[in-house]
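Note that these values count all heavy atoms, side chains included, but never hydrogens, waters or copies made by symmetry. In what follows, every chain begins at residue 1, and chains take the letters A, B, ... in the order their sequences are listed.
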Amino acid sequence: MPTLRLFNTLGRQLQDFVPLVPGKVGFYGCGPTVYDYAHLGNMRPYVLHDILVRSLRYLGYEVTHVMNITDVGHLSGDSDLGEDKMLKRAEERGKSVYEIAEFYTAAFFRDTERLGVARPSVVCKATEHVADMIALIKRIEAKGYTYSAGGNLYFDVTKFPSYGELALLKLDELKAGARVEVDPNKRNPADFALWFTKSKFGNQAMVWDSPWGRGYPGWHIECSAMSMRYLGEQFDIHAGGVDHIPIHHTNEIAQSEAATGKKWVNYWVHNEFLNFGKLKMAKSSGEFLTLQSLVDKGYDPLDYRYFLLGAHYRSQLAFSWESLDSARSARRSLLDRVLALAEKGHAAPIASIGPAARARLESFVAAMAEDLATPRALAELWGALRDPELPAPEALALALEMDGILGLGLAGARRAEAAAVDPELAAWIEGLVAERAAAKKAKDFARADAIRAELAAKGVVLADGAGGTAWKLA
RNA sequence: GGCGCAGUACCCAAGCGGGAAGGGAGAGGUCUGCAAAACCUUCAUGAGUCGGUUCGACUCCGACCUGCGCCUCCA
């Protein structure tokens, strides 16, 4: 097996992946803030994390994948001036924050499941780990990295010499208040809150007692506390969107390493954004498309997965309906090819494939190992399915093996007739198909074509083959 | 103002200091009563622009142009 190489944001270079413990990987992927539906752009990192985990497991690692659910503390502004997103949404809806969280968490997992994303080993909620956060903040405080102001506890970034290393930030170059009002309580604009007590939502359910007063945690602390809880004080990989590099992850590193005095995470993996037209897809501005809206338009969620895999995760990707159509066409063609192969016989045992197929598989694995180069991997998949030299059982074996990492649903490919179709509709179609067969036999091609047209009008596509006429719903 | 990233065919999108992957769309063909699928052929003498380094650059360096992101929140 080749060595996995990952582009590490910390250092900005491709590096050989070497785990802390041989054969094992601790991986923390930033999860959702469950105050609204996830949009298509939000889904990109979860597909990436899934691809990363699948690749690691394929390469023989035992992976512990931890994902957080942010259900408290995520402010709409990183100061006491901001509002907690969860509380705000709960007030708007007249629901409790827990009801809001439960609703959108369920929606989130419904979407990721449809995208073929495996459930993480551990899913942890911020509200259930406040004690861990308080314990961690105490350690940070004991080491002298904090100060109190205006009733809140802040992290003093000037006490942490390597602050901003991940994001290549220099403290004196940051333009304070470039786009937002400065929190007057902060000594330095880059300082961030570990614990809030002065809350305009102080009468809400989401407050906890702490050594600094009754209040709630800052947003960044949850990831540090929960990752350490499940993966230890040092672990291998932390992933999230590029937007988190300058603030969220930078602050996580500062507070985590301040607390332990040790290097926290070895490899940082960040996905680029999905853009909609020229703008990023965002809840605040631009387009907001959910996975469900794609399903409503007739796309398979895995079409969207294919679309994502067509670009490298570190490239900005522009969403367009044309591109999504292209992905759907490509994936359908893939499924057709796999079906055609499956109808010729069973897949060969992967261990017994010949040299040509073996070489294809190795190229595929090499592409995945080279910083998860899914576009190249897809090209290898196409190559395997198009190569006239490969015996059908071997081509099928390759496709299924590759799909174990890509997750495009090739193994579950079914002829449309086998899919769930209303029995009455099916009977009607079968009747016309039989009638057309009779017409064809009688050389009544006008009648045969009329039936084809009639069915086509209902979205039924006919395909004449050696074994008779197959049909499917378009 | 500072920092980071990108500009490849009709669209999406890779790799690479020395033959420009792959997909979609398009065109022609084989096959088919018709159609679909499949298969074959075709589709960037050129990679934002201009310089430089080099025997050789799309690939390195510089400038410029254009676009995007970050320095609130965001995946």
*Asks:* Compare the minimum distances between each of B:rC11, B:rA14, B:rA38 and the side chain of A:Ser333, then state the nucleotide with the smallest one.
*Replies:*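 When the side chain of A:Ser333 is considered, B:rA38 is the closest of B:rC11, B:rA14, B:rA38.
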
*Asks:* Check the distance between B:rC34's C1' and A:Leu455's CG and give it to me in whole angstrom.
*Replies:*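 Answer to the nearest Å: 15 Å.
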
*Asks:* Which nucleotide, B:rC71, B:rG23, B:rA13, lies nearest any side-chain atom of A:Arg386?
*Replies:*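 Nearest to the side-chain atoms of A:Arg386, counting from C-beta on, is B:rG23.
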
*Asks:* What is the separation between atom CG on A:Leu390 and atom P on B:rC39, rounded to the nearest whole Å?
*Replies:*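 Answer to the nearest Å: 13 Å.
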
*Asks:* C1' atom, B:rA9 versus B:rA37: distance in rounded Å?
*Replies:*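 Comparing C1' positions in B:rA9 and B:rA37 gives a spacing of 27 Å.
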
*Asks:* Looking at every strand, decide which applies to A:Leu317 at a 4.0 Å heavy-atom threshold: base, sugar-phosphate, or nothing.
*Replies:*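 Since only primed, P, OP1 and OP2 atoms lie under 4.0 Å of A:Leu317, the category is sugar-phosphate.
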
*Asks:* Keeping the roles fixed (side chain from A:Thr290, backbone from A:Ser293), state whether a donor-acceptor pair exists under 3.5 Å.
*Replies:*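 Yes.
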
*Asks:* With a 3.5 Å cut-off and heavy atoms only, can you find an N or O donor on one side and an acceptor on the other between the side chain of A:Asn275 and the base of B:rG69?
*Replies:*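 Answer is no: no donor-acceptor pair is held.
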
*Asks:* Nearest to the side chain of A:Ile247, heavy atoms from C-beta on, is which of B:rG15, B:rG23, B:rU72?
*Replies:*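 The listed nucleotide nearest to A:Ile247's side chain is B:rU72.
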
*Asks:* Tell me the interatomic distance from A:Leu115, atom CG, to B:rA75, atom P, rounded to whole angstroms.
*Replies:*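 For the pair A:Leu115 CG and B:rA75 P, the rounded distance is 16 Å.
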
*Asks:* Taking the C1' atom in each of B:rG69 and B:rC73, what is the distance between them to the nearest angstrom?
*Replies:*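 Looking at atom C1' only, B:rG69 and B:rC73 are 15 Å apart.
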
*Asks:* Rounding to an integer number of angstrom, what distance separates B:rU32 and B:rG15 when you compare their P atoms?
*Replies:*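 So the two P atoms sit 43 Å from each other.
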
*Asks:* Scan every strand shown for a Watson-Crick or G-U wobble partner of B:rA35, both distances under 3.5 Å, and answer none if you come up empty.
*Replies:*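 When the pairing criteria are applied, nothing turns out to pair with B:rA35, so the answer is none.
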
*Asks:* Suppose we define a pair by two distances each less than 3.5 Å, Watson-Crick or G-U wobble; what does B:rC58 pair with here?
*Replies:*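 Looking at the geometry, B:rC58 pairs with no nucleotide.
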
*Asks:* Considering Watson-Crick and G-U wobble pairs with both distances under 3.5 Å, what does B:rG69 pair with?
*Replies:*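 B:rC3 - that is the nucleotide pairing with B:rG69, both distances being under 3.5 Å.
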
*Asks:* Out of B:rA75, B:rC73, B:rG22, which has the shortest distance to the side chain of A:Trp219?
*Replies:*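 Nearest listed nucleotide: B:rC73.
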
*Asks:* When all nucleic acid strands are considered with a 4.0 Å heavy-atom cut-off, which category describes A:Ser320: base, sugar-phosphate, or nothing?
*Replies:*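 If one applies the 4.0 Å heavy-atom cut-off, A:Ser320 turns out to touch nothing in the nucleic acid.
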
*Asks:* Any strand counts, and the cut-off is 3.5 Å on both contacts for Watson-Crick or G-U wobble. Which nucleotide pairs with B:rG15?
*Replies:*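 By the stated definition (distances under 3.5 Å), nothing pairs with B:rG15.
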
*Asks:* Determine whether the side chains of A:Tyr35 and A:Glu92 contain a donor N or O and an acceptor N or O closer than 3.5 Å.
*Replies:*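 Distance-only check fails for A:Tyr35 and A:Glu92.
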
*Asks:* NE2 of A:His220 versus P of B:rA75: gap in Å, rounded?
*Replies:*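 Taking NE2 of A:His220 and P of B:rA75, I get 13 Å after rounding.
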
*Asks:* Kindly point out which of B:rA75, B:rC73, B:rA14 is positioned nearest to the side chain of A:His312?
*Replies:*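 The answer is B:rA14.
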
*Asks:* Tell me yes or no: between the side chains of A:His249 and A:His270, is some donor less than 3.5 Å from an acceptor?
*Replies:*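 Yes, a side-chain donor-acceptor pair sits under 3.5 Å.
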
*Asks:* Could you tell me how far apart A:Glu343 (CD) and B:rA38 (P) are, to the nearest whole angstrom?
*Replies:*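 Taking atom P of B:rA38 as the reference, CD of A:Glu343 is at 13 Å.
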
*Asks:* Any protein N or O atoms within reach of nucleotides 25-32 of chain B? Criterion: under 3.5 Å, listing atom names and distances.
*Replies:*
none

*Asks:* Record whether the side chain of A:Arg452 comes under 3.5 Å of the base of B:rA35 through a donor-acceptor pair of N or O atoms.
*Replies:*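 A donor-acceptor contact between them is present.
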
*Asks:* I'd like the C1' distance from B:rG51 over to B:rA13, given in whole Å.
*Replies:*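 That atom pair is separated by 29 Å.
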
*Asks:* At under 4.0 Å between heavy atoms, what does A:Ala311 touch on the DNA or RNA strands: base, sugar-phosphate, or nothing?
*Replies:*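 Contact class for A:Ala311: sugar-phosphate only.
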
*Asks:* Between A:Asp449 and A:Arg436, is there a side-chain N and carboxylate O pair less than 4.0 Å apart?
*Replies:*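 The answer is no: the pair does not qualify as a salt bridge.
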
*Asks:* Taking the minimum atom-to-atom distance to the side chain of A:Phe273, which one of B:rA75, B:rA36, B:rG24 wins?
*Replies:*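 Per side-chain heavy atoms of A:Phe273, the pick is B:rA75.
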
*Asks:* Can you confirm if the aromatic rings of A:Trp264 and A:Phe235 lie within a centre distance of less than 6.0 Å?
*Replies:*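 Centroid distance A:Phe235-A:Trp264: below 6.0 Å, so yes.
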
*Asks:* CD of A:Glu165 versus P of B:rC3: gap in Å, rounded?
*Replies:*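 It works out to 18 Å between those atoms.
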
*Asks:* Could you give the distance separating B:rA20 and B:rA57 at their C1' atoms, to the nearest angstrom?
*Replies:*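 About 13 Å, rounded to a whole number of Å.
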
*Asks:* Write down the distance between CG (A:Leu385) and C1' (B:rA38), rounded to a whole number of angstrom.
*Replies:*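 Value for this atom pair: 13 Å.
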
*Asks:* Counting heavy atoms not belonging to A:Glu102, are there more than 12 under 6.0 Å from its CD?
*Replies:*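 No, not enclosed.
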
*Asks:* Does this structure show an ion pair linking A:Asp71 with A:Lys125, if we count only N-O contacts that are shorter than 4.0 Å?
*Replies:*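 Between A:Lys125 and A:Asp71 there is no salt bridge, as every charged N stays at least 4.0 Å from the carboxylate O atoms.
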
*Asks:* Cation-pi check for A:Tyr299 against A:Arg328: NZ or CZ below 6.0 Å from the six-membered ring centre and within 45 degrees of the axis, yes or no?
*Replies:*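 Here A:Arg328 passes the 6.0 Å and 45° test against A:Tyr299.
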
*Asks:* Once you apply the 3.5 Å cut-off to both distances, tell me the Watson-Crick or G-U wobble partner of B:rA25, or none.
*Replies:*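 Answer to the pairing question: none, since B:rA25 forms no Watson-Crick or G-U pair.
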
*Asks:* Among B:rA75, B:rA38, B:rC34, which nucleotide has an atom closest to any side-chain atom of A:Arg337?
*Replies:*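 Side chain of A:Arg337 sits closest to B:rA38.
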
*Asks:* State the CG-CZ distance between A:Leu231 and A:Phe27, to the nearest 0.5 angstrom.
*Replies:*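 The distance works out to 10.0 Å.
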
*Asks:* Do A:His220 and A:Phe192 have ring centres separated by under 6.0 Å?
*Replies:*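 A:His220 vs A:Phe192: aromatic centres under 6.0 Å.
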
*Asks:* Base, sugar-phosphate alone, or nothing: which one does A:Lys443 contact when heavy atoms must sit under 4.0 Å apart?
*Replies:*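 Contact class for A:Lys443: none.
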
*Asks:* For the side chain of A:Ser326, starting at C-beta, report the closest nucleotide among B:rA14, B:rG23, B:rA75.
*Replies:*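 Looking only at side-chain atoms, A:Ser326 lies closest to B:rG23.
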
*Asks:* Both A:Ala446 and A:Ala330 contact RNA chain B. Which one's nearest nucleotide lies toward the 5' end?
*Replies:*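 Residue closer to the 5' terminus by nearest nucleotide: A:Ala330.
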
*Asks:* Using the C1' atom as the point on both nucleotides, what is the distance between B:rA6 and B:rU42, in whole Å?
*Replies:*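 Pairwise C1' distance, B:rU42 against B:rA6, rounds to 31 Å.
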
*Asks:* Look for any protein N or O under 3.5 Å of an N or O in nucleotides 5-10 of chain B and output each such pair with its distance, or none.
*Replies:*
none

*Asks:* Between A:Arg44 and A:Trp382, who's closer to the 5' end of RNA chain B by nearest nucleotide?
*Replies:*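 The residue whose closest nucleotide sits nearer the 5' end is A:Trp382.
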
*Asks:* To the nearest Å, give me how far apart CG (A:Leu339) and P (B:rA38) are.
*Replies:*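 Rounding to the nearest Å, CG of A:Leu339 and P of B:rA38 are 12 Å apart.
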
*Asks:* Please measure how far the C1' atom in B:rC64 lies from the corresponding atom in B:rG28, and state the result in whole Å.
*Replies:*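 Comparing C1' positions in B:rC64 and B:rG28 gives a spacing of 44 Å.
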
*Asks:* Need one value for A:His270: base, sugar-phosphate or nothing, where a base atom within 4.0 Å counts as base even if backbone is also close, heavy atoms only.
*Replies:*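 Answer is nothing: A:His270 stays at 4.0 Å or more from every strand.
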
*Asks:* Partner of B:rA47 by Watson-Crick or G-U wobble geometry, both contacts under 3.5 Å, or none?
*Replies:*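 Looking at the geometry, B:rA47 pairs with no nucleotide.
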
*Asks:* Check for me whether A:Arg119 meets the cation-pi criterion with A:Phe109, that is, NZ or CZ under 6.0 Å from the six-membered ring centre and within 45 degrees of the ring axis.
*Replies:*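 A:Arg119 over A:Phe109 ring: yes.
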
*Asks:* Choose from B:rG22, B:rG33, B:rG4 the nucleotide whose nearest atom is closest to any side-chain atom of A:Leu168.
*Replies:*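 Of B:rG22, B:rG33, B:rG4, B:rG4 is nearest to the side chain of A:Leu168.
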
*Asks:* For the ring pair A:His129 and A:Tyr230, is the centre-to-centre distance below 6.0 Å?
*Replies:*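 Aromatic pair counts; centres sit under 6.0 Å.
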
*Asks:* Would you say A:Tyr46 and A:Asp111 are linked by a side-chain donor-acceptor pair, where the criterion is simply a distance under 3.5 Å?
*Replies:*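 There is no such pair between these side chains.
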
*Asks:* Measuring only the C1' atom in each nucleotide, how far is B:rC16 from B:rU8? A whole number of Å is fine.
*Replies:*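 Each nucleotide's C1' atom is 13 Å from the other's.
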
